[in-house]
Amino acid sequence: MKMQACIGFIGIIGSIFTICVFSRKKLKNTSYSIYFRVMAVIDCIVLAHIYRHWTRVVLNYDIDLISPLFCKFNEYQPFVAAHIQLWLLTVILVDRLVAIVYHNKFTFFKKPWFQKIVILFVFAYCLLTHLIMPLNYEIKFVKTPLINESYKIVKVCYLPVKMFNLNNFLFLLNTLATICINSVLNAKLISFIFKSRKK
């Protein structure tokens, strides 16, 4: 867990540097700058989730059990954040494809209003996709078996197995979708670059 905490800290510092770099004048006005800055913020959210597990393992303090609200949203936010990262990578590739291959077309891709709409759409889609988590997570008391055939009652943040499997399936489905789309976009970009070099 110490190693994970160190990796999380280094990752957060790196993401902050990324935000600073893409906030500079020369890069801030580029079409992809806003996407990278949003991704860096989301990176920080995902990496900060490491410390939630750290407090449970090292400090023996489960943040999930503070209140039903924490229980419902603690696992929700890393799934949504990771999901947003996946789709923003695709958005960045589409942006690069338009800028390189179709630079005289689709000029609205460079407009700040369009970029903000795309980001809002990605956020809304990812928030709705994993909505089954906050709707079904709850704090429950369950029996935990011990040695000598005895048991103890423990407080846990519980998600039904069916809902857990469904959420994981949706995440896997979207991961595969982004991999396929990104592969096609990369192939198109590489093909265009090779053709332009031959000319």
Identify the heavy atoms of Gln115 and Phe109 that sit nearest to each other, and give their distance.
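So the minimum-distance heavy-atom pair works out to NE2-O, 3.4 Å.
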Can you tell if the side chain of [X] reaches within under 4.5 Å of the side chain of [Y], non-hydrogen atoms only?
X	Y	result
Phe114	Ile119	no
Val98	Asp95	no
Phe171	Leu86	yes
Ile34	Phe22	no
Lys72	Met133	no

Before we go on, tell me: are the rings of Tyr158 and Tyr137 under 6.0 Å apart, centre to centre?
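No, ring centres 6.0 Å or more apart.
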Once rounded to the nearest 0.5 Å, what's the spacing between atom [atom1] of [X] and atom [atom2] of [Y]?
X	Y	atom1	atom2	result
Thr90	Leu88	OG1	CG	8.5 Å
Asn186	Ile181	CG	CD1	12.0 Å
Cys71	Lys140	SG	NZ	11.0 Å
Leu131	Cys126	CG	SG	12.5 Å
Ile12	Leu47	CD1	CG	5.5 Å
Ser15	Phe36	OG	CZ	12.5 Å

Does one hydrophobic cluster hold both [X] and [Y], with members joined at side-chain heavy-atom distances below 4.5 Å?
X	Y	value
Phe108	Ile92	yes
Leu128	Phe123	yes
Ile10	Ile13	no
Phe121	Val94	no

How far apart are the C-alpha atoms of Met39 and Leu89, what are their side-chain angles, what is the distance that settles it, and do they pass the side chain to side chain contact (heavy atoms under 4.5 Å, CB included) test?
CA-CA 8 Å; Met39 272 193 67; Leu89 281 172; 3.9 Å; yes
Any side-chain to backbone donor/acceptor pair from Asn136 onto Ile132? Under 3.5 Å, distance only.
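Answer holds: yes.
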Asn167 side chain to Met163 main-chain N or O, any donor-acceptor pair under 3.5 Å?
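Between the backbone of Met163 and the side chain of Asn167 there is no qualifying donor-acceptor contact (under 3.5 Å).
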Determine whether Tyr35 and Val118 satisfy the following criterion, side chain to side chain contact (heavy atoms under 4.5 Å, CB included), listing intermediate values before the conclusion.
CA-CA 10 Å; Tyr35 301 129; Val118 170; 4.2 Å; yes
Can you tell me which residue among Thr129, Val46, Asn168 is in a side-chain contact (heavy atoms from CB on, under 4.5 Å) with Phe79?
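Per the side-chain contact (heavy atoms from CB on, under 4.5 Å) rule, the option paired with Phe79 is Asn168, out of Thr129, Val46, Asn168.
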Would you call the rings of Tyr76 and Phe73 parallel, tilted or perpendicular, where under 30° means parallel and over 60° means perpendicular?
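Taking Phe73 first and then Tyr76, their aromatic rings stand perpendicular (interplane angle over 60°).
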Is the count of non-hydrogen atoms from other residues, nucleotides or ligands lying under 6.0 Å from Phe70 atom CZ greater than 12?
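Not more than 12 within 6.0 Å, no.
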Looking at Phe169, I want to see if its CZ is surrounded by more than 12 non-hydrogen atoms of other residues, nucleotides or ligands under 6.0 Å.
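Open.
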